[in-house]
Amino acid sequence: MLPRLLLLICAPLCESAGLLLIVSPSHPTEGSPVTLTCKMPSLQSSDAQFQFCFFRDAQALGPGWSSSPKLQIANMWKEDSGSYWCEAQTMASKVLRSWRSQINVHRVPVADVSLETQPPGGQVMEGDRLVLICSVAMGTGDITFLWYKGAIGLNLQTKTQRSLTAEYEIPTARESDAEQYYCVAENGYGPRPSGLVSITVRIPVSRPILMVRAPRAQAVVGDVLKLHCEALRGSYPILYWFYHEDVILGSSSAPSGGGASFNLSLTAEHSGNYSCEANNGLGAQRSEEVTLNFTVPTGARSNHLTSGVIEGLLGTLGPATVALLFCYGLKRKIGRRSTRDPLRSLPSPVPQEFPYLNSPTPGQLQPTYENVNVVSGHDVYSLVYYNQPEQESAAAETLGTHMEDQVSLDIYSRLRKANITDVDYEEAM
């Protein structure tokens, strides 16, 4: 009984002496192919037919018994490590077994981790889809990918898969998604982080607001207006255009914030509608129109009228007559000023700005007038005095005195034609 048992134990060992298992490559790495070959160097008869089978840890591999002495394994992984052997069976059902071979599959650590974006460049329109793609240049087996937001490292998502790339998706990008991102990959040899990638969320401009600032409540010709245009929302830089009746006045760029301004010196043609436009390359937006009506100063109109009267006198009376009348009127004027009270200097208040914010024109300040009548027969001559408001400057007062002299000369000429005496003229003045 004992000899038979020993024979059964030794039989496989003795019969395996002519059967070899060849592994190529002998030290495979994860993901690489491996070829197993069952070789019989002691086989003498070429007519002998065999069936072959390959095993790993007592589990048959591939299709089982086959006439081919080779088995191709496309990809070897870490879990494929183990003890391998092969068997050959003759037509007489005699089975030969090879020696066992230990195969250890080596895992490649991850390396060269990078983070890319879709769309490329890290810029995305608000509301569009943003994808963060984490990749490794090398690494085998199951790789765990992690995505982080900001310098603090807020974990957004974790994925484990047998792949060199993985994606994290933001379906609808918002302004709050503008931040720095990075990813980490690891497969059992320690985490490997990528570099930081900055994400910019591009926002179209909102409808801008136009504000008009004037130095007084009622802007007049000669004032300098400040047009200020600002879009409260939108990615910078923003280019602003200023319009008067849809005609471009000028443009200004805002690289950061606060809008842009344009200064305009008023002329009589500048009454009308004003607007501005904001554009940051993602679409233009136009403001509401602001309607402004400007007036010509009263002093300027009187000066223009008096100049016309004087020109008519020069053409009608001749240079000599006009010179005599001018000297006579000047003498009378000097005499009257000596008996009058000295001119008082009115205090100049602190200048104020009056803004027009997409609204109708403010109300005008009303001047005051005083009439003095001179009667000659059926004709009545009115002399009008314009009391300047306190807001007028000392320079305007000097201009008014010069205009008064011209008006006095005009009235004196009319009185002489009407046969009014000097006494009557002096009383009228």
Side-chain angles (χ1 to χ4, degrees), residues 1-113 136-145 158-166 185-192:
M1 187 68 183
L2 183 59
R4 187 177 179 181
L5 182 60
L6 292 175
L7 182 62
L8 291 175
I9 295 174
C10 294
L13 297 176
C14 295
E15 294 177 351
S16 65
L19 195 62
L20 297 175
L21 177 64
I22 299 175
V23 181
S24 179
S26 58
H27 301 285
T29 58
E30 277 191 315
S32 64
V34 169
T35 301
L36 303 178
T37 304
C38 198
K39 191 174 182 181
M40 301 177 62
S42 62
L43 185 62
Q44 300 295 329
S45 175
S46 60
D47 296 333
Q49 294 183 355
F50 290 87
Q51 293 289 315
F52 299 92
C53 188
F54 297 86
F55 297 88
R56 182 193 70 205
D57 298 334
Q59 181 180 359
L61 301 176
W65 291 97
S66 171
S67 60
S68 174
K70 292 185 178 181
L71 177 65
Q72 181 80 29
I73 301 176
N75 301 103
M76 292 287 284
W77 303 105
K78 186 72 173 177
E79 55 268 25
D80 294 329
S81 298
S83 180
Y84 288 76
W85 75 89
C86 69
E87 294 181 358
Q89 185 178 18
T90 64
M91 296 300 294
S93 299
K94 183 180 180 180
V95 177
L96 302 176
R97 179 181 291 181
S98 72
W99 295 102
R100 293 175 181 265
S101 296
Q102 182 66 32
I103 299 177
N104 294 315
V105 182
H106 299 280
R107 174 163 290 179
V108 178
V110 296
D112 298 332
V113 183
V136 296
M138 62 179 62
T140 58
D142 291 336
I143 301 178
T144 300
F145 296 90
T158 301
K159 284 183 179 181
T160 300
Q161 58 192 51
R162 189 165 288 177
S163 173
L164 296 179
T165 62
E186 67 95 13
N187 63 348
Y189 291 91
R192 297 289 187 270

Task: CH2-CG distance between W99 and L21, expressed to the nearest 0.5 angstrom - done: 13.5 Å
Task: Where T35 and Q72 come nearest, the two heavy atoms and their spacing - done: OG1-OE1, 2.8 Å
Open item on the list: As an exercise, state the distance from SG of C53 to CG of L61, rounded to the nearest 0.5 Å.
Closed with: 7.5 Å
Open item on the list: To the nearest 0.5 Å, what is the distance between OH on Y84 and CD1 on I73?
Closed with: 5.0 Å
Open item on the list: Quick check against the 3.5 Å criterion: does S98 have a side-chain atom that pairs as donor or acceptor with the backbone of C86?
Closed with: yes
Open item on the list: Rounded to the nearest 0.5 Å, what separates atom CG in L36 from atom CZ in F52?
Closed with: 13.5 Å
Please tabulate, for side-chain N and O atoms in residues 22-33, each donor-acceptor pair with protein atoms closer than 3.5 Å (sequence neighbours left out).
{"unit_1": "E30", "atom_1": "OE1", "unit_2": "R107", "atom_2": "NE", "d": "2.7"}
{"unit_1": "E30", "atom_1": "OE1", "unit_2": "T140", "atom_2": "OG1", "d": "2.7"}
{"unit_1": "E30", "atom_1": "OE1", "unit_2": "G141", "atom_2": "N", "d": "3.1"}
{"unit_1": "E30", "atom_1": "OE2", "unit_2": "K78", "atom_2": "N", "d": "2.7"}
{"unit_1": "E30", "atom_1": "OE2", "unit_2": "R107", "atom_2": "NE", "d": "3.3"}
{"unit_1": "E30", "atom_1": "OE2", "unit_2": "R107", "atom_2": "NH2", "d": "3.0"}
{"unit_1": "S32", "atom_1": "OG", "unit_2": "T29", "atom_2": "N", "d": "3.3"}
{"unit_1": "S32", "atom_1": "OG", "unit_2": "T29", "atom_2": "O", "d": "2.5"}

TODO: Kindly give the heavy-atom pair with the smallest separation between W85 and E87, and that separation in Å.
DONE: NE1-OE2, 3.5 Å
Open item on the list: Looking at every heavy atom in both M76 and V105, which two are closest together, and how far apart are they?
Closed with: CE-CG2, 3.7 Å
Open item on the list: If you define the side chain from C-beta out and look only at heavy atoms, does anything of C38 sit under 4.5 Å from F54?
Closed with: yes
- [ ] Grab the two heavy atoms, one from V110 and one from A185, that are nearest each other, plus how far apart they are.
- [x] CG2-O, 3.5 Å
Task: Spatial distance of atom CD (E186) from atom CD1 (I143) [nearest 0.5 Å] - done: 9.5 Å
Task: Shortest non-hydrogen contact from Q161 toward T165 - done: NE2-O, 2.8 Å
Task: Closest approach of F50 to A88 (non-hydrogen atoms, all atoms of both residues) - done: CD2-CB, 4.1 Å
Open item on the list: Quick check for you: to the nearest 0.5 Å, what is the distance between T144 atom OG1 and K159 atom NZ?
Closed with: 12.5 Å
- [ ] Return each pair, listed once, that meets side-chain hydrogen bond (donor to acceptor under 3.5 Å, both in side chains) where at least one residue sits in residues 50-67; pairs must be two or more places apart or across chains.
- [x] R56-D80
Open item on the list: Taking M138's backbone N and O only, do any of them form a donor-acceptor pair with D112's side chain (distance below 3.5 Å, no angle check)?
Closed with: no
- [ ] Could you check if a side-chain atom of V136 sits within less than 4.5 angstrom of a side-chain atom of F145, using non-hydrogen atoms only?
- [x] yes
